[in-house]
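Structure, as structure tokens:
In the text below, chain A, chain B and the rest are named by the order of the sequence lines, each starting its count at 1.
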Amino acid sequence: MPSPRDVDLRVDLAGILLPNPVMTASGCAAAGRELDAFFDVADLGAVVTKSIMLDPRAGRPTPRMAETPSGMLNSIGLQGPGIDSFLGQELPWLARRRARAVVSIAGSTLGEYAELARRVGSSPGVSAVEVNISCPNVANRGMVFACDPYQAAKVIAVVRRDVPRGVPVFAKLSPDVTDLVGVAEAVVAAGASGLSMINTTLGLAIDPGTLRPVLGGVTGGLSGPAIRPLALRCVWQVHQAMPDVPIIGIGGIKTGFDALAFLVAGASTVQVGTVIFHDPGAPMRIVAELRDELSRRAFTSAAQVVGLAHTPATDSLAATDLEGLRTP
Amino acid sequence: MPSPRDVDLRVDLAGILLPNPVMTASGCAAAGRELDAFFDVADLGAVVTKSIMLDPRAGRPTPRMAETPSGMLNSIGLQGPGIDSFLGQELPWLARRRARAVVSIAGSTLGEYAELARRVGSSPGVSAVEVNISCPNVANRGMVFACDPYQAAKVIAVVRRDVPRGVPVFAKLSPDVTDLVGVAEAVVAAGASGLSMINTTLGLAIDPGTLRPVLGGVTGGLSGPAIRPLALRCVWQVHQAMPDVPIIGIGGIKTGFDALAFLVAGASTVQVGTVIFHDPGAPMRIVAELRDELSRRAFTSAAQVVGLAHTPATDSLAATDLEGLRTP
Amino acid sequence: MTASAGPLQQRAEVLSRKQIGAYHILTLVAPGVAERCRPGHFAALAVGGPESGMLLRRAFSIYRVRESGTYGGTLDVVFDVHGPGTAWLATRGPHDIVDVVAPLGRPFALPADQVPCVLVGGGYGSAPLFTLADRLRERGCTVHMVLGASTEQRLFGALEARRSAHSSVVTTEDGSVGVRGRVTDVLSEVVGRSGAAVVYACGPMAMLAAVAGVAEAHGAWSQCAVEEAMACGIGVCMTCVLPVVGDDGRTRMVRSCVEGPVFRGDRVRWSDVGTVPADALGAARGGP
Amino acid sequence: MTASAGPLQQRAEVLSRKQIGAYHILTLVAPGVAERCRPGHFAALAVGGPESGMLLRRAFSIYRVRESGTYGGTLDVVFDVHGPGTAWLATRGPHDIVDVVAPLGRPFALPADQVPCVLVGGGYGSAPLFTLADRLRERGCTVHMVLGASTEQRLFGALEARRSAHSSVVTTEDGSVGVRGRVTDVLSEVVGRSGAAVVYACGPMAMLAAVAGVAEAHGAWSQCAVEEAMACGIGVCMTCVLPVVGDDGRTRMVRSCVEGPVFRGDRVRWSDVGTVPADALGAARGGP
Ligand SMILES: Cc1cc2nc3c(=O)[nH]c(=O)nc-3n(C[C@H](O)[C@H](O)[C@H](O)COP(=O)(O)OP(=O)(O)OC[C@H]3O[C@@H](n4cnc5c(N)ncnc54)[C@H](O)[C@@H]3O)c2cc1C
Ligand SMILES: Cc1cc2nc3c(=O)[nH]c(=O)nc-3n(C[C@H](O)[C@H](O)[C@H](O)COP(=O)(O)OP(=O)(O)OC[C@H]3O[C@@H](n4cnc5c(N)ncnc54)[C@H](O)[C@@H]3O)c2cc1C
Ligand SMILES: Cc1cc2nc3c(=O)[nH]c(=O)nc-3n(C[C@H](O)[C@H](O)[C@H](O)COP(=O)(O)O)c2cc1C
Ligand SMILES: Cc1cc2nc3c(=O)[nH]c(=O)nc-3n(C[C@H](O)[C@H](O)[C@H](O)COP(=O)(O)O)c2cc1C
Ligand code: FES
Ligand code: FES
């Protein structure tokens, strides 16, 4: 059994080399600065920054969150300082700290996405771009881009055009669709280097005091361990259909084993989101736990397990004497 | 404040009168018999029976379940004795116990649904029919009926034709669609008396021992409190679009307050499913708790709160001095 | 609670929790359960407290019950820390509350005649065998016990076996105590020597399959308590099924929580557990 | 833990939990926190244990800290059982473990000069005021306290106020102790009489708004500790915002966990809390 030290966690994600497969999820780590009090953000696979829009945004009214069983709802409404402030202050900080930055962008029109792609694409210190397409499309009666393969593909096409070749572009998919594989195929055909899955699923909570929706935004995004089985299913289905497309697995990851489950389901890397709120040290704890989970199963690298669950179980693996597998 | 005793829990569900709005969910109470050890099943609003198919079915291989955070996955595969045995043994038992029976039917083809509708429709002691359309359609590459408004509507049309007028037909919807309101409109246009929402959402879990999917069926249905926010959102959206269509709210209901939340979001009645596994006495506990929740908010009936969350909050309600609303 | 012979659901107070080797013995105050209990029944315990993310109950064989005494009836289970649910139970102490549903399932069938019986337990699987031994002795049966485990730490009740059985044999895979090997290595000899008419067994599936085979080879009946993952434990969910041959010779996928956990060993299709055999009732069609 | 002045995350042992009136005082062993703490900081506690369905931490003002002693540094919070998270905390006892992140937030700003100060607490909101009173007295400030609650049971620290302040007034809405009424009914008189330069306040939002108004009317500064629902408590999620006017006169939606919980009372747009005012930076557009 290789010692945890000997496990090679490095992964190649659509051409970018990361020291390990654990990233923070957009909107759950701001731009990394606050987490630096809990661990060195440069030790992460990458920091994915909060989705940034062109202009400053005040977001939605409060309450913006509701706790739900093993999860939470949020309706932040993409509050943020706008791209100028982001590129001027936050991105340089990450670069100075030598952290890998994946910049998440969000727009309400194709034009906004294109403009953001130009601005971000021409900035130094961007490892990759993640395109948050779970935004209402003002030109299409507010229908969310991610829910329509055609509109989703158009966003990716305009972004891809303006981001330099060496910088991969990830499309972040919503699970709230009938045909997820269809959306995935459309955005890959439009030039996405890979897929981030999943964004939150739409939910609602009722306030016991007012008997009205808790959230200022009425509905909100459900996240956390509650949605992990849903996220794993999405990763599984898309990897099954398109085994060569790099996937970033996201949704309720809390432990190193959860990260491993996403890798074997077909993800090349993972993002940790809501669980950071529970445990600010979670991302680096998960890196260490993933190392252990791999080592006790006699794997020598993270890369080798990607998609493993799609292959038939071998006896040797099933028989590995894991703690927790009892022989009475 | 009315005493809990004075709260009128009776509800009219698409023309059938129920003593209270709490039913068991299909597949989570078999045909009621086993729960009779924990409470009198005739005290329930209704018993919704496990979806029955024409022929006996052995279901899927085990493992058929996986526990997930605040939820579970199942892949039972509709194991059941077939319609003859059901009508011969189980339905008469419910009738003898004077319990209201809502019979859930499931098929793989339109012909099967039609045949089931005829058989069930002509049997005495059926209060309503619930049509489980979350089944693969063999005539359409195994695509689930519920995921296609056109196919879903066709199922409801054939069932409606063969179920007597006085017996309402509920279409049970899947949340795994892009446009839930579209499916709801299609099935109502096809003759559904009301909507049961929601069925499970598709998920997957990985086994720590084998690193392969836990479930014999690979993917399975996610249920339990984890999906409650998703279910509430579905009820909210459909009631918003079609306020006159009766809705049965389903998904993660654990307490009387959860039941109340579904009512104010727009459901006329609710079903309790997975939580029965945690607490076999849950359905009747929830009836009692719902009574208390209504009474402490000065409501005199369950019917009066249906859809309340869609109206603006009134000060009088917000100011009701609930336990849990602090005045320091 | 309408059926007086059915299970009771109660918020039971913990009287004590003791550690013995690798196991914990949890004693719960559960009035009324003792009177309804037969050897082979099980209990389903809710875990994690009111806001727990663990929704499903955990099933445990009932080890012992006391009908009344100072505490108005108690119930003991023996468990092993396996995952988070049992880890939580292992932190319970006196006065803590554990929600319990018991007794559940179909118990061991007792022989009508005074016949020799062999009781086989693997690991904590020996837990339900001691009350069974008592009932059998009361009926005038001779009782022989064979207990096995991977190592001494995981052997449960070896001393008690010496007291409650006419003869007892212990095996461990590492030889730390008793015969080195598995229970099935010695079972044939014990069954032969004792002339057993019934072999009772509780333990892992592979052991049960082997025990059923040995019993059959000796022309004895076998009664095996299986352990299948259960979501509800009360017969409403259909998760806990395994292929069992009925009186009519047909194989059906039957619920181990209400039609078991004790089955006739010759009726379970051991090598097909985890599958739906093609000849099982209703197996012809694939399913949603 | 790279930043030595930042928060620490630790699995803290419970030293004790006591009940005082409607409240619980929980003392946690948290080495290193005391040294980093200033009055007005808060702590975020994980609730429900490892498999809890409650994902989010609960925030509590830090009541007291001890730098070392036998236990190597402790931290006290005062809490009220509000919902399931605080109900779980109210079942913790000695040796239990509670995961804590502290100190968090921006503390009360202390005056540079030796000026009279009035400290106003509503319910458990008085908890952070006692260490504040100590710091102010050390600097030579005169300290006056006004504590209020709905009823005596919900009044926290009236006795301690008498010891730590030069003067103290107590109000209860039901008149069960002190003046019948609300803190704001007596506040103007206290601020006037004491000639306070700064009014510090912690309590419900409506009280803070009123206190800020009284302070302003008397030409005093106010420092108000707000309580907004927080998902992360560390500044990464943007759930805890409220509209605050900046030095440049612009209103921004600012995070109360890192830019607060203590704000200048004249800067918070109290009547707009819970909304995004139309003139706030970035408010022009609706949002996804
Ligand atoms: C009829 C019966 C009797 C049993 N008797 C005993 C006993 O006397 N002592 C004892 O230590 N254990 C016994 N078990 C096994 C015990 O139920 C499991 O060890 C326990 O459920 C594991 O829970 P966990 O949270 O620690 O593990 P996890 O693996 O985290 O459990 C996750 C889920 O899987 C289920 N599960 C996991 N392992 C098993 C298993 N082996 N059998 C059934 N379900 C499982 C759990 O119930 C839970 O729903 C019995 C099981 C059954 C069905
Ligand atoms: C900076 C700060 C300091 C606080 N100091 C104290 C204190 O010293 N003593 C004390 O008793 N309480 C204090 N509170 C309030 C305390 O955090 C809540 O009472 C507690 O979170 C309720 O949790 P629950 O599970 O019991 O209730 P629930 O209502 O079930 O909680 C559900 C969710 O809502 C959040 N929530 C509920 N009520 C509040 C609230 N009033 N403020 C913020 N979030 C809330 C919870 O954190 C949780 O995420 C403080 C809150 C903040 C933000
Ligand atoms: C408070 C909050 C804010 C979020 N903001 C964004 C965002 O700005 N852009 C985005 O693409 N996803 C956003 N997300 C979604 C997460 O990045 C992630 O996809 C989702 O929460 C599922 O992962 P988790 O369960 O680990 O949180 C947000 C999630 C939360 C909880
Ligand atoms: C074990 C299990 C079996 C189920 N079987 C059926 C079924 O036969 N027919 C059906 O319409 N729904 C079935 N469901 C779905 C439930 O009726 C319900 O819609 C869903 O579980 C959500 O509710 P819950 O969270 O309260 O369980 C099943 C659910 C579970 C957990
Ligand atoms: S565990 Fe539910 S039927 Fe057996
Ligand atoms: S609570 Fe997360 S930013 Fe303040």
Side-chain angles (χ1 to χ4, degrees), chain A residues 66 68-73 147-148 175-179 201-213 218-220 222 224-237 252 254 257-258 260-262 264-265 293 297 305 308-314 317-318 320 322 324-325, chain B residues 66 68-73 147-148 175-179 201-213 218-220 222 224-237 252 254 257-258 260-262 264-265 293 297 305 308-314 317-318 320 322 324-325:
Chain A
T68 69
S70 296
M72 67 173 281
L73 289 166
C147 287
D148 176 351
D176 297 339
V177 296
T178 310
D179 178 15
T201 176
L202 204 64
L204 181 127
I206 296 288
D207 184 294
T210 62
L211 293 185
R212 299 300 182 287
V218 183
T219 57
L222 182 63
I227 67 164
R228 192 194 307 140
L230 172 57
L232 271 170
R233 182 266 295 177
C234 292
V235 169
W236 171 276
Q237 283 183 328
K254 186 176 165 186
F257 176 72
D258 298 339
L260 176 59
F262 274 87
V264 299
E293 296 283 355
R297 290 175 175 83
V305 302
L308 188 72
H310 295 261
T311 64
T314 59
L317 250 179
T320 307
L322 291 172
L325 281 183
Chain B
T68 68
S70 297
M72 67 172 281
L73 289 167
C147 287
D148 176 350
D176 296 338
V177 296
T178 310
D179 178 15
T201 176
L202 204 64
L204 180 128
I206 296 288
D207 184 295
T210 62
L211 293 185
R212 299 300 181 287
V218 183
T219 57
L222 182 63
I227 68 163
R228 192 194 308 140
L230 172 57
L232 271 171
R233 182 266 294 177
C234 291
V235 170
W236 171 275
Q237 282 183 328
K254 185 175 166 187
F257 176 73
D258 297 339
L260 177 58
F262 274 87
V264 299
E293 296 283 355
R297 288 176 177 84
V305 303
L308 188 72
H310 295 261
T311 64
T314 59
L317 251 179
T320 307
L322 293 172
L325 278 185

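Contact annotation for A:Val177: both backbone and side-chain heavy atoms come within less than 4.5 Å of a heavy atom of chain B. Both the backbone and the side chain of B:Leu202 have a heavy atom closer than 4.5 Å to some heavy atom of chain A. Only the side chain of B:Val218 comes within contact range of chain A, judged by heavy atoms closer than 4.5 Å. Using a 4.5 Å cut-off between heavy atoms, B:Glu293 does not touch chain A at all.
Counting only distance, with no hydrogens or angles, the side chain of A:Arg212 and the backbone of B:Thr311 share a donor-acceptor pair below 3.5 Å.
Remark: B:Thr178 pairs with A:Thr178 by the side-chain hydrogen bond (donor to acceptor under 3.5 Å, both in side chains) rule, at least two apart or across chains. When the salt bridge (Lys or Arg N to Asp or Glu O under 4.0 Å) test is applied to A:Asp258, the partners found at least two apart in sequence or on another chain are A:Arg228.
Among the candidates B:Pro69, B:Gly220, B:Gly224, the residue making the largest number of heavy-atom pairs closer than 4.5 Å to chain A is B:Pro69. When B:Ala231, B:Pro213, B:Ala205, B:Gly71 are compared by the number of non-hydrogen pairs under 4.5 Å with chain A, B:Pro213 comes out ahead. Annotation: maximal heavy-atom pairing with chain B below 4.5 Å, among A:Leu230, A:Thr219, A:Thr201, occurs at A:Leu230. Looking only at heavy-atom pairs under 4.5 Å with chain B, the residue among A:Pro175, A:Cys147, A:Ala66 that has the most is A:Cys147.
Contact between B:Leu222 and A:Pro229 at its shortest, heavy atoms only, is CD1-CG, 3.8 Å.
Between A:Arg297 and B:Pro208 the shortest side-chain heavy-atom distance falls below 4.5 Å. Looking only at side-chain heavy atoms (C-beta outward), A:Val235 and B:Leu204 stay at 4.5 Å or farther from each other.
Between atom CG of residue B:Leu308 and atom OG1 of residue A:Thr210 there is a gap of 9.5 Å, rounded to the nearest 0.5 Å. Between the CG atom in A:Asp176 and the CG atom in B:Asp176 there is a gap of 9.0 Å [rounded to 0.5 Å].
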Side chain to side chain contact (heavy atoms under 4.5 Å, CB included) between B:Leu260 and A:Leu211, worked out: CA-CA 9 Å; B:Leu260 177 58; A:Leu211 293 185; 3.9 Å; yes
Verdict with supporting geometry, B:Ile206 and A:Phe257, side chain to side chain contact (heavy atoms under 4.5 Å, CB included): CA-CA 9 Å; B:Ile206 296 288; A:Phe257 176 72; 4.2 Å; yes
Step-by-step side chain to side chain contact (heavy atoms under 4.5 Å, CB included) determination, A:Leu73 to B:Arg233: CA-CA 11 Å; A:Leu73 289 166; B:Arg233 182 266 294 177; over 6 Å; no
